[in-house]
There are 2 protein chains.
Amino acid sequence: MLTERQKLILRKIVEDYVRSAEPVGSRSISKHVEMELSAATIRNEMADLEEQGYLEQPHTSAGRVPSQQGYRYYVDHLLQLGERLDSQEVAKLKALFSERVDEIEKVAQQTALYLSTFTQYTAVVLGPQVYDNSLRSLQVVPLGEHSAVLLVVTSSGQVHNKTVSFPDDISLAQVEKLVRLLNDKLMGVPIYQMRSRIIEEISHEVARQMRDFEEAQRILDSLLGAFVSDKDGKVYLGGTTNMLLQPEFHNVEKAKSVLSWLENRDSVFKALSRESRTDDSPTVRIGGENELAMLQNCSLVTATYNVSGAPVGVIGIIGPTRMEYGRVIGLLDVLSHEMSKLVTKWYSG
Amino acid sequence: MLTERQKLILRKIVEDYVRSAEPVGSRSISKHVEMELSAATIRNEMADLEEQGYLEQPHTSAGRVPSQQGYRYYVDHLLQLGERLDSQEVAKLKALFSERVDEIEKVAQQTALYLSTFTQYTAVVLGPQVYDNSLRSLQVVPLGEHSAVLLVVTSSGQVHNKTVSFPDDISLAQVEKLVRLLNDKLMGVPIYQMRSRIIEEISHEVARQMRDFEEAQRILDSLLGAFVSDKDGKVYLGGTTNMLLQPEFHNVEKAKSVLSWLENRDSVFKALSRESRTDDSPTVRIGGENELAMLQNCSLVTATYNVSGAPVGVIGIIGPTRMEYGRVIGLLDVLSHEMSKLVTKWYSG
DNA sequence: GTTAGCACTCTTGATCGTTGAGTGCTAATC
DNA sequence: GATTAGCACTCAACGATCAAGAGTGCTAAC
């Protein structure tokens, strides 16, 4: 358990270090206005804090640096939320969401971009993925005799398309008939149930109407692909190269490991979507709290945005462990709520 | 004009430097098997080559480094094409294209990826953009009272979708009616003419049928977006962080400038699409030959792929000026032809 | 409990030879 | 006349040495 004084000192150290990226010494802390203690006293406290694992020393006779545990404590107990969030800034952010939008993807992309320029870190937005999304319409547009584009439009306005080619002995007319049938039967069915519903309930009906079970099965197989392949949600990145601005990534090795990770959107998606909570406040993962090796030097702050309580997407910031947690959490908090509002409005209107 | 001996020496210097990234000295050149001259002679020739602008010296008493002009001469006159292209490698590449594909985008993405891992440079593929593509079908799927998804399916099977929201005082029924009309009128019209055709020919007809010109105009404006926004061809990148492997980009400043440029797909698209020629062989742009400041240290090698003679896309490699031109040109040559074949097959079948 | 003082540690930056690679020039050689 | 051996010279890179400075831990006094 930390004394009030230790908390104050820890806080100052974290904040100093976040600003300067250099180990902070006892003297510089004691110079702070609120601090009425001598350097020697601070030194003693710092030694205690180090013993308890909140601080680390790069080497004897260097200042102290917050440990992972130190950051964790800072985030959990010492952060005065909103303190660092400039109200002007907030207004500016909110303004971004006031414009009428006609493409939700643009908003996601823009959000990532602004967030990254505001923070100088890397921003990620996972595009809205609606789990309770249902089928609005299934359309088929013929291309040739044995190929067609299949379009799946969901209730949230997302479109998945897939070009399918079907066996030579199946005619376009048969496919169209089948699609009409599917449309009747599946309208309003949640996307995630789609596959099983088709298999369990529809196949036999299809077979009955089409008189040939084998044949129907083959067509269905072709069509099913459209529901499978587009499972991957969209990932929007902003300011990936901001990583290079941070002194901790002046080492090209480290920079490369993080940047190559970011290059692969699938892995980013996985990492972020795992964080998806209905929690109201942003989640913070510091350094080694991330499972991925390349994120050991990084912190990941994420917030979900919701539509009527259900999480539909994530926005996040990736930066060095030495991160301005207060500001980032504040920004994500504001933005996730704005996103929620916007997306809700979008889906309902 | 260079003597044969100077050409040989220049070639050796370029090749040595490309391999080692270190200035090459006279002695190391004279040690080459084909070289039967002493270091002193080479030194004299090198001095001449420098005077003529083909070589540069980082400082007195360092070896020589090819100048931009030196690389240019190398690429134009000294390159033995195919020499460095391992036939095994070629076979491997061709194999990638033999699989049956059902999504042309996947192919583009994969090509970029393979190309970058093969070369250790950054690869770019501009997705096929078909100029003689025409409208196959225009579909509208309503979402709410005042929003809908508009789907544009082209004759090549590409699908563009755009969510549009239209003014409050325009009903869904009106939009549907309009879309039906557009479908009738525009089926088979080339995509690139679409916009002008809508404006010039269709508007008045629409207005007549819909009795209210103003209103029709407003809806059309909403819909037109679908044809405009998707003009931007798709850009697929592979191995962006490979840039960091090159010693010339161990300097974080330089790395950042190139990487941030790559981050913005629009600018990449612009730079690459400008290179689009029907030329059969790849184009090479060395260092300052690029207009962009961030590419001054880079070279850009591009090749187009065609469908029946018309260029539809570009594949390219971005790397340091100290690049393995022979290998890269060879690879791009093979790949662009494979792409041409594949895409042609795709469009015709 | 707090602090002044002091010895000690360790990084950082500067200075300074030393080494070695590489050059340019000259004079001898083919 | 072209080629080459030889040699003096240049300069980056490296390592050793040194002083300065920042910071610590400990002790003794307040």
Side-chain angles (χ1 to χ4, degrees), chain A residues 1-10 12-17 19-67 70 247-248 250-251, chain B residues 1-10 12-17 19-67 70 247-248 250-251:
Chain A
M1 193 50 205
L2 298 182
T3 66
E4 282 309 309
R5 200 167 70 182
Q6 285 174 322
K7 289 184 192 172
L8 180 63
I9 293 174
L10 178 56
K12 287 293 174 199
I13 291 177
V14 171
E15 284 165 8
D16 258 33
Y17 183 63
R19 231 183 330 95
S20 69
E22 310 238 302
V24 289
S26 54
R27 242 179 83 77
S28 66
I29 292 292
S30 82
K31 272 194 216 131
H32 272 111
V33 272
E34 309 158 57
M35 203 63 74
E36 316 223 286
L37 298 167
S38 77
T41 314
I42 310 253
R43 271 206 291 283
N44 291 328
E45 296 286 28
M46 279 164 104
D48 286 0
L49 283 169
E50 183 172 359
E51 201 168 351
Q52 290 179 69
Y54 296 102
L55 296 178
E56 279 166 0
Q57 225 174 354
H59 53 88
T60 356
S61 92
R64 300 306 207 289
V65 161
S67 67
E248 26 273 275
H250 273 30
N251 172 349
Chain B
M1 192 53 208
L2 298 182
T3 66
E4 283 308 308
R5 200 166 72 180
Q6 285 175 324
K7 288 184 192 172
L8 180 63
I9 293 175
L10 178 56
K12 287 293 173 199
I13 292 178
V14 170
E15 285 165 7
D16 258 34
Y17 183 63
R19 230 184 330 95
S20 70
E22 311 237 304
V24 297
S26 53
R27 243 179 81 77
S28 65
I29 291 293
S30 81
K31 272 194 217 131
H32 272 109
V33 270
E34 310 158 59
M35 203 65 75
E36 316 225 282
L37 297 168
S38 76
T41 313
I42 310 257
R43 273 205 290 284
N44 291 328
E45 297 285 28
M46 280 163 103
D48 286 359
L49 283 168
E50 182 171 1
E51 201 169 347
Q52 290 180 69
Y54 296 101
L55 297 179
E56 279 166 1
Q57 223 173 354
H59 53 89
T60 356
S61 91
R64 301 305 207 291
V65 161
S67 68
E248 26 272 276
H250 273 30
N251 172 350

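Side chains are part of it too, since the values below use all heavy atoms of this structure and drop only hydrogens, waters and symmetry mates. Convention: sequence-line order gives letters A, B, ...; per-chain numbering from 1.
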Worksheet entry | Those residues of residues 37-46 of chain B lying under 4.0 Å from DNA chain C by at least one heavy atom | B:Arg43, B:Met46

If you measure from [atom1] on [X] to [atom2] on [Y], what distance do you get to the nearest 0.5 Å?
X	Y	atom1	atom2	answer
B:Ser30	B:Lys12	OG	NZ	12.5 Å
A:Arg5	A:Glu36	CZ	CD	12.0 Å
A:Ile42	A:Ile13	CD1	CD1	8.0 Å
B:Leu55	B:Leu10	CG	CG	6.0 Å
B:Glu15	B:Ile29	CD	CD1	9.5 Å
B:Glu45	B:Lys7	CD	NZ	13.0 Å

Discussion item. I'd like the 5' and 3' limits of the part of DNA chain D contacted by chain B, with heavy-atom contacts below 4.0 Å.
Written reply: D:dT3 to D:dA12

Worksheet item: Just one of B:Glu56, B:Glu50, B:Glu51 clears the salt bridge (charged side-chain N to carboxylate O under 4.0 Å, His left out) bar with B:Arg64, so which one?
Response: B:Glu50

Response to the item:
Between CD of A:Gln57 and C1' of C:dC8 the distance, given in whole Å, is 13 Å

Worksheet item: Which heavy atom in B:Gly25 sits nearest to a heavy atom in B:Ser28, and how many Å separate them?
Response: O-OG, 3.0 Å

